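Just below is one structure, and these are the notes that go with it.
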Amino acid sequence: MMIRLIAKWLGESMLSNFIFECRNLTNNSPDGFLKNINFNLGYSEIHAFIIKNSSEQKIFIESIMNLLNNSHPKGEILLKNQVLNENKARKVAILHQKPLLIDHFTVAENLHLSNLPKRDFIPFINWGKIKGSSKKILDDLNLDIDSRSKVCNLSDEDKRLVYITSVLLQNPEVIVMHEPMEGLSPAKASKIYRAFKQYKEDNGSIVYITKQWEDALKLADRISILSNGMIIDEMPAEEAKSDPQRLLMKIEDYNFKDNGRYTDHDQKSILDTVFKAAEFLTSEYELKDVLLLLAKEVTRIMNADGCSIKLIDEFTWSIIDDIEFKNNKEIHAQLTKEAILKIAKENDIYYTNEKDKEFKSLFEKSVNVKTVICIPVLIRSQVTGIIQLSYETLYVYSKEESKYLSALARHAAIAIEDTRLLGRSALLQESHHRIKNNLQSIVGILSLQKEFKKNSSDQSIDELLDSVINRIKSIASVHNLLSKDKLGRSIINVKQIIESIIQIMNDNPKIGINLDLDDIFIPYSKATSIALIINELVTNCFKHAFTDTDSGIINIQCKRMADYILLSVRDNGKGFRKDFDINKIDSLGLTILKGLTSSDFQGEMDIHTEKEGSAIEIKIPTEGIFLHR
């Protein structure tokens, strides 16, 4: 008895793996045929069918629709292990290639058409509720469409968006989609991709019928290829991503370079590169040298036109270094920060080409690029970089290439981690050196303060000591930040320095401080100078800007421009005197500012009165001080 119960439970568990099953789907028509098609769909799964022939696409979706309607094609559909009846069929929606909308109805009416009461009298409809919910769903999907507009006044693209939204609004358990992205711009396509993924996360399942294998690779969990009335192959999407040539070999009329065969000479060359990289790591070569070597070899192995290895700050997702190698100087592909974050989160090989609707939106700048392949560089499951390959042509990598790319990504991770381990030791030595230098800076500041005190009796001892204490605190804040860096790097984020100093100094609740700061990384050796500059700029505001009032606003900006860093502090205080001349002012703070700006950074400083208050702007050239974006 117990064995039978266990067997029954196991059987039910196995059956429950699929929400939707199609069995023995057969159809003969003048346009073509289907022969004993069997497929299934898991819970929260997107199963893509790549069908290159338009007639076969049409027969396939019409046959499924006819089975749902109990029409003539042979076969059966099961929903949750039960044969469909009229009530269950309503839980499966069909999204047709051509939008099914009523032109003279409004957007709101079309969105809720399937949910309107089946009555003869209009008063039963709550139009206010319908309009409100229509506006909400359009806003949720970030679609700029007026729910009050009549469909006949919409563009073809907006009609498709309204149609897709109306199907999603039905909240079916399964949607069978036929070329849903056709005719959509990249921006609108991105919104619909997100909507489909959200539908899946909300436990919806999708049968996705398309000609575009790129769409299938991007969205699907599983991919089937249908040709000549039969399913000729099926594979998990992960397998297709690791070996896209297998996918494409099954698609008719698709040609690509046979780049899956490697000779003994190729494999020896790859091993030589790995050994050479290891040699670099154990010598005095820097991380950049190792990564440049890997970038060159990845470019050669992957038949690419260019390769860049981007090092990423794990906390801000900012690029802190970018090592690039190009076979062709005319090629350029700079990914946006959002695209880098998206690729990193996928934690796998990322492939895209110009046929992808989102392709152009991935780049800040793109020149002569038709294909991009990326792979994250991981250290203990944490993304620390991205290898990006660029191609002038449509290119599809092989399974062998994906293996080599993954291996070299791991080698890049070893190089980065090795540098960090060495960096922790070097950073300790550098810290001792920096502490010594900073102590000398403090002595110098005290000496300057002493000289200024001799020549001016305006400052009280309390004010003098407060100034010295704030400068020492600013220097200490840098060491505090560096001590918290677990990665052992010799760089620091200017944004963190500014925030730390503001936290120390802002003890007046009536003075508001607004920050507009980019993530900008500078060498450890420059951090103390930046900290002192910030201290002097903010101290100047607190001491001089608000002497006629007990409240005010200070706006602090630190922005990365094309070839310099802009550091500005503005206040809405009383401003400078009309006869103000920076060259004639005898001030220790301004002396420190001018000295650090010109000597440590070869920068420029501008001080001026504005309509309300004053402003100090400092421009620090990026060239020559190893600043990273």
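Note that the coordinates shown come from a computational prediction; the quantities given were computed from them, not determined experimentally.
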Considering all heavy atoms of both residues, which atom of I520 and which atom of R560 are nearest to each other, and what is their separation?
-> CD1-N, 3.8 Å
Steps toward side-chain contact (heavy atoms from CB on, under 4.5 Å) verdict (V107, L101) = CA-CA 9 Å; V107 169; L101 299 171; over 6 Å; no
Of all heavy-atom pairs between E214 and K355, which one has the smallest distance, and what is that distance?
-> OE2-CD, 3.5 Å
Can the ring centres of Y351 and W213 be said to be less than 6.0 Å apart?
-> yes
For Q557 and D516, test the side chains for any donor-to-acceptor distance below 3.5 angstrom and give the result as yes or no.
-> yes
What pair of heavy atoms forms the shortest contact from S147 to T106, and how long is it?
-> O-CB, 3.9 Å
Test log, rule side-chain hydrogen bond (donor to acceptor under 3.5 Å, both in side chains), inputs E401 and N303 | CA-CA 10 Å; E401 286 178 316; N303 299 295; 3.3 Å; yes
Quick one: sort the Y395 and Y391 rings into parallel, tilted or perpendicular, breaks at 30° and 60°.
-> parallel
Could you walk me through whether I51 and F60 pass the side-chain contact (heavy atoms from CB on, under 4.5 Å) check?
-> CA-CA 9 Å; I51 309 174; F60 186 58; 3.7 Å; yes
Donor-acceptor pair between K211 and S54 side chains, under 3.5 angstrom | yes
Pair S149-N153, side-chain donor/acceptor within less than 3.5 Å | no
Give the ring-plane orientation class for F20 versus F39, where under 30° counts as parallel, over 60° as perpendicular and anything between as tilted.
-> tilted
Above 12 or not: heavy atoms from other molecules or residues under 6.0 Å from NZ of K370?
-> no
How about K136 and S134: does a side-chain donor come under 3.5 Å of a side-chain acceptor?
-> no
Strictly under 6.0 Å, is that where the ring centroids of F18 and Y43 end up?
-> no
Can R23 and N40 be counted as having a side-chain donor-acceptor contact under 3.5 angstrom?
-> no
Please test E21 against I77 for side-chain contact (heavy atoms from CB on, under 4.5 Å), starting from the C-alpha separation and ending with a verdict.
-> CA-CA 6 Å; E21 294 179 76; I77 288 178; over 6 Å; no
E45 versus S205, side-chain donor and acceptor atoms under 3.5 Å = no
Should the heavy atoms of other residues, nucleotides or ligands under 6.0 Å from NZ of K150 be counted, would the total exceed 12?
-> no
Within 6.0 Å of NZ in K337, more than 12 heavy atoms from elsewhere | yes
Does any donor atom in the side chain of Q245 or S398 lie under 3.5 Å from an acceptor atom in the other side chain?
-> no
Count the heavy atoms of every other residue, nucleotide or ligand shown that sit under 6.0 Å from CG of D144, and state whether that count exceeds 12.
-> no
Kindly check if the number of other-residue, nucleotide or ligand heavy atoms within 6.0 Å of NZ (K58) is above 12?
-> no
If we ignore angles and hydrogens, is there a donor and acceptor under 3.5 Å between the side chains of N36 and T26?
-> yes
OG of S63 to CG of N27: how many Å apart, nearest 0.5 Å?
-> 3.5 Å
Above 12 or not: heavy atoms from other molecules or residues under 6.0 Å from NZ of K559?
-> yes
